[in-house]
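Below you'll find the structure, written out as structure tokens, and then a few comments.
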Amino acid sequence: MRCEEVAQLDGISSEYYLRLEQDRNLNPSDQTLAAMAGAFQLDEDAVAYPHRLAARSSAGRWRG
């Protein structure tokens, strides 16, 4: 699928999807991750993986 098609299925802008794809937005919402999982028809293990990545990246950030 093209970026625009995935973004439309996710209900997000293609620019936002591109930032996610390029790892320039490290904190997507659970709703966004769930929409992406549905668009790609991921199984349960594949759905859990991006949630773990998102949790890991937010846990490693400096909080000041």
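Being a predicted model, the structure only gives us computed values, none of them experimental.
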Nearest heavy-atom neighbours spanning Cys3 and Ser14: SG-O, 3.7 Å
Where is the tightest heavy-atom contact between Ala46 and Asp43, given as atom of each residue plus distance?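 Of all heavy-atom pairs spanning Ala46 and Asp43, the closest is N-OD1, 2.8 Å.
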Are Leu9 and Tyr16 in one and the same hydrophobic cluster, where Ile, Leu, Val, Met, Phe, Trp and Tyr link if side-chain heavy atoms are under 4.5 Å apart? yes
Which residue is it: Leu42, Asp10, Val47? I am looking for the one with a side chain to side chain contact (heavy atoms under 4.5 Å, CB included) to Met36.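 In the set Leu42, Asp10, Val47, the residue that makes a side chain to side chain contact (heavy atoms under 4.5 Å, CB included) with Met36 is Asp10.
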Residue pair Val6, Ile12: steps toward the side chain to side chain contact (heavy atoms under 4.5 Å, CB included) verdict: CA-CA 9 Å; Val6 175; Ile12 59 177; over 6 Å; no
If you count heavy atoms of other groups shown closer than 6.0 angstrom to CD of Glu5, is the number above 12? yes
